[in-house]
Student: 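Sharing a structure, written as structure tokens. Questions coming.
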Amino acid sequence: MLYFSTRATATAGHSAPAGRRFCDILLEGLAPDGGLYLPETYPQIDGATLNRWRGLAYADLAYEIVSLYVDDIPADDLRALCRKTYTEAVFGTPQITPLTRLDDGLYLLGLSNGPTLAFKDMAMQLLGNLFEYHLARQGEELNIFGATSGDTGSAAEYAMRGKKGVRVFMTSPQGRMSPFQQAQMFSLMDDNIINIAVKGVFDDCQDLVKSVSGDLDFKRRYRIGTVNSINWARLMAQVVYYFAGYLQASTDNSQRVSFCVPSGNFGNVCAGHVARMMGLPIDKLVVATNENDVLDEFFRTGIYRVRGTADTHETSSPSMDISKASNFERFVFDLLGRDGARTKALFGDAIASAGRFDLGADPAFPRAAAHFGFSSGKSTHAQRLATIRDCAARYGVVIDTHTADGLKVAQEQRVAGVPMLVLETALPIKFAATIVEALGREPERPARFTGIEALPKRVLTMDADVAAIKALIARTCDA
Ligand SMILES: *Cc1c(COP(=O)(O)O)cnc(C)c1O
């Protein structure tokens, strides 16, 4: 399997860049031309194969799917990595992603029982094991330098803690994460995890990452990498739970199901798109946004309009407060018939210069719904609170604010005869203040998190000063 950038084109006198293999892109973010990597084709899954997969444990299902995309890791090693990753000890249940019935034809797919209680563990845990394996094989080391407002940083740290060859430097805005999120990250005592509380806001942290990554000499010398959501391996790992959800909700392959996905950077639902392209019988992929409705606007109108920081609302579903959906280019590339030149014109040129493009009148746009199965909706804070209350009262299930966004939109878009699976993207304890606002009581806390706020913390506090951060990285690595 070869991977190509969404912006790869042949230009006068130059052929398109050669495809790359999985391990070549494993540690990379953007392709050199600014595009995102996608496989040259989507492997097709026939009914016989799907039937064979019905009885598999999650780890073995993961191996079957991942092995279609990875041909430069020996099969036995890849299977061992999947089995080491998806265990009941790490993910809390034997099913790994258990399906909970709420009502006739309405389900929750539980993706948040991993170490940090958000769905990002599903992919990040595999990434940690793949990184460790690959770095050991190459005799290399990697320093992950990132910025987080909460979920991504903790998922990355819990995936990389104790791993050989990997160190994590994670910046976060001082005092801005919830007490639970701070405790999760700062109580880690592993030597390869370095938490940096930056005196500033999330944008300051992101600017630090951009400055450090932009210094190519420094980046090369200290082997700086990232684990952001545009990484193909993360997307690939997320494809697995769409299959696992389908197989739990159906008894034979003539049945179709729909998924409703709380969305920010379009990573999660893009994995659903890949699963559907592989032939999984998915009816609709419903994109649910909060007040930051960049994606909902596109699926309603064909207009994709990036927002500035000032127009990005702080909401009660903070992990979806995005102004620019970093994985969206992958879907648009497919929508346009995999036309790299047009994708480059939209994302490399129109977005860079005008911050928007409009496909409303393009003959391809109606295919987003008709051919690719997409629809969308959104929620407000008040609607999420009402949904949390209603779900607790009616079904006895407490959901978090992101999942509530998904359930609200799912209820609007369900159709009789097609099961609707809402992806549960975090557990309510991560966003306790809003649950108290909705229900007047604290959400349940998994036993292993009892009293974590009182644990000793290890965190460096620093100014948003690039030189000082670089000096810290250099000192740590050269020691
Ligand atoms: C990251 C995140 C999302 C958004 O997922 P995308 O892949 O960015 O669309 C939704 N909910 C929670 C809890 C998250 O952590």
Side-chain angles (χ1 to χ4, degrees), residues 36 108-125 127 146-159 172 177-178 180-181 184-185 202 227-239 241-242 259-275 285-296 298-299 312 315-331 374 376-379 384 387-388 399-410 422-432 434-435 443:
L36 279 67
L108 271 187
L109 183 61
L111 306 179
S112 312
N113 302 309
T116 73
L117 310 183
F119 86 95
K120 292 188 172 72
D121 290 329
M122 293 302 306
M124 208 70 93
Q125 287 287 316
L127 207 65
T148 188
S149 57
D151 291 340
T152 305
S154 58
E157 292 189 352
Y158 280 74
S172 57
M177 292 191 293
S178 75
F180 186 87
Q181 287 175 317
Q184 265 188 323
M185 285 179 56
F202 176 63
V227 286
N228 46 28
S229 76
I230 56 175
N231 180 291
W232 163 256
R234 281 183 65 181
L235 208 73
M236 174 188 76
Q238 292 174 348
V239 172
Y241 54 71
Y242 285 87
F259 290 90
C260 187
V261 188
S263 298
N265 270 320
F266 204 77
N268 198 349
V269 75
C270 194
H273 164 67
V274 173
L285 286 167
V286 185
V287 175
T289 73
N290 63 22
E291 291 87 340
N292 297 292
D293 58 354
V294 185
L295 291 168
D296 180 46
F298 175 79
F299 286 106
T312 306
T315 76
S316 52
S317 42
S319 301
M320 296 163 30
D321 292 349
I322 59 102
S323 47
K324 184 169 165 259
S326 53
N327 275 287
F328 188 53
E329 181 169 337
R330 288 190 160 109
F331 169 67
F374 275 94
S376 69
K378 64 176 179 177
S379 70
R384 290 189 291 277
T387 304
I388 290 168
I399 54 174
D400 96 291
T401 49
H402 304 76
T403 309
D405 166 74
L407 181 57
K408 183 264 180 191
V409 174
V422 178
L423 301 197
E424 175 210 55
T425 56
L427 289 196
I429 186 70
K430 291 200 96 167
F431 304 98
T434 312
I435 304 301

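Start at 1 and go down the list; that is how both ligands and their atoms are numbered.
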Student: For ligand 1, which atoms, with element, lie under 4.0 Å from some heavy atom of A426?
Tutor: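 Those of ligand 1 that fall under 4.0 Å from A426 are 13 (C).
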Student: Please work out which of the three classes, parallel, tilted or perpendicular, describes the rings of F331 and F266, given edges at 30° and 60°.
Tutor: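 Rings of F266 and F331: tilted, as their planes differ by 30° to 60°.
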Student: If you measure every N or O of F266 against every N or O of ligand 1, does any of those distances drop under 3.5 Å?
Tutor: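 Yes, there is a polar N/O contact under 3.5 Å.
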Student: Return the residue, atom name and 0.1 Å-rounded distance of the protein heavy atom closest to atom 7 (O) of ligand 1.
Tutor: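 The protein heavy atom lying closest is N268 N, 2.9 Å.
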Student: Near G264, which atoms of ligand 1 are under 4.0 Å from a heavy atom of that residue?
Tutor: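 Matching atoms, with element in brackets: 4 (C), 6 (P), 8 (O), 9 (O).
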Student: Among all the protein's non-hydrogen atoms, which is closest to atom 2 (C) of ligand 1, and how far away is it?
Tutor: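 The closest one turns out to be K120 NZ, 2.5 Å.
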Student: How are the rings of H402 and F431 set to each other: parallel, tilted or perpendicular (split at 30° and 60°)?
Tutor: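 Because their plane-to-plane angle lies in the 30° to 60° range, the rings of H402 and F431 count as tilted.
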Student: Using every non-hydrogen atom in the two residues, find where R330 and I230 come nearest and quote the distance to one decimal.
Tutor: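 Closest approach of R330 to I230, heavy atoms only: NH2-O, 3.0 Å.
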Student: Could you find the nearest protein heavy atom to atom 5 (O) of ligand 1 and give me its residue, atom name and distance?
Tutor: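 The closest one turns out to be F119 CZ, 3.5 Å.
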Student: Are a donor atom and an acceptor atom from the side chains of T315 and D321 found within less than 3.5 Å of each other?
Tutor: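 Short answer, yes.
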Student: List ligand 1 atoms under 4.0 Å from G267, heavy atoms only on the residue side.
Tutor: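 What qualifies from ligand 1 is 6 (P), 7 (O), 9 (O).
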Student: Find all atoms of ligand 1 within a distance of less than 4.0 Å from any non-hydrogen atom belonging to D151, and give their numbers and elements.
Tutor: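 With D151 as reference, the close atoms of ligand 1 come out as 13 (C), 14 (C), 15 (O).
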Student: Considering heavy atoms of the protein only, find what lies nearest to atom 12 (C) of ligand 1 and give residue, atom and distance to 0.1 Å.
Tutor: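 Protein heavy atom at minimum distance: T425 OG1, 3.5 Å.
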Student: Which heavy atom of the protein is the closest neighbour of atom 10 (C) of ligand 1, given with residue, atom name and distance?
Tutor: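 In this structure, atom 10 (C) of ligand 1 has M320 CG, 3.6 Å as its nearest protein heavy atom.
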Student: State, without any angle test, whether T401 and R384 hold a side-chain donor-acceptor pair at a distance under 3.5 Å.
Tutor: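 There is no such pair between these side chains.
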Student: Measure across P262 and D405 and return the closest heavy-atom pair with its distance rounded to 0.1 Å.
Tutor: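 In terms of heavy atoms, the two residues are closest at CA-OD2, 3.9 Å.
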Student: Closest approach of L295 and S263, non-hydrogen atoms and distance?
Tutor: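 Heavy atoms of L295 and S263 come nearest at CD1-CB, 4.1 Å.
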Student: Identify the protein heavy atom lying closest to atom 6 (P) of ligand 1, giving its residue, its atom name and the separation to 0.1 Å.
Tutor: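 Its nearest protein heavy-atom neighbour is N265 N, 3.6 Å.
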Student: Numbering the atoms of ligand 1 from 1, which are under 4.0 Å from a heavy atom of S263?
Tutor: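 Listed by number with element: 9 (O).
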Student: Is the closest side-chain heavy-atom distance between T116 and M124 below 4.5 Å?
Tutor: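 No, every pair of side-chain atoms sits at 4.5 Å or beyond.
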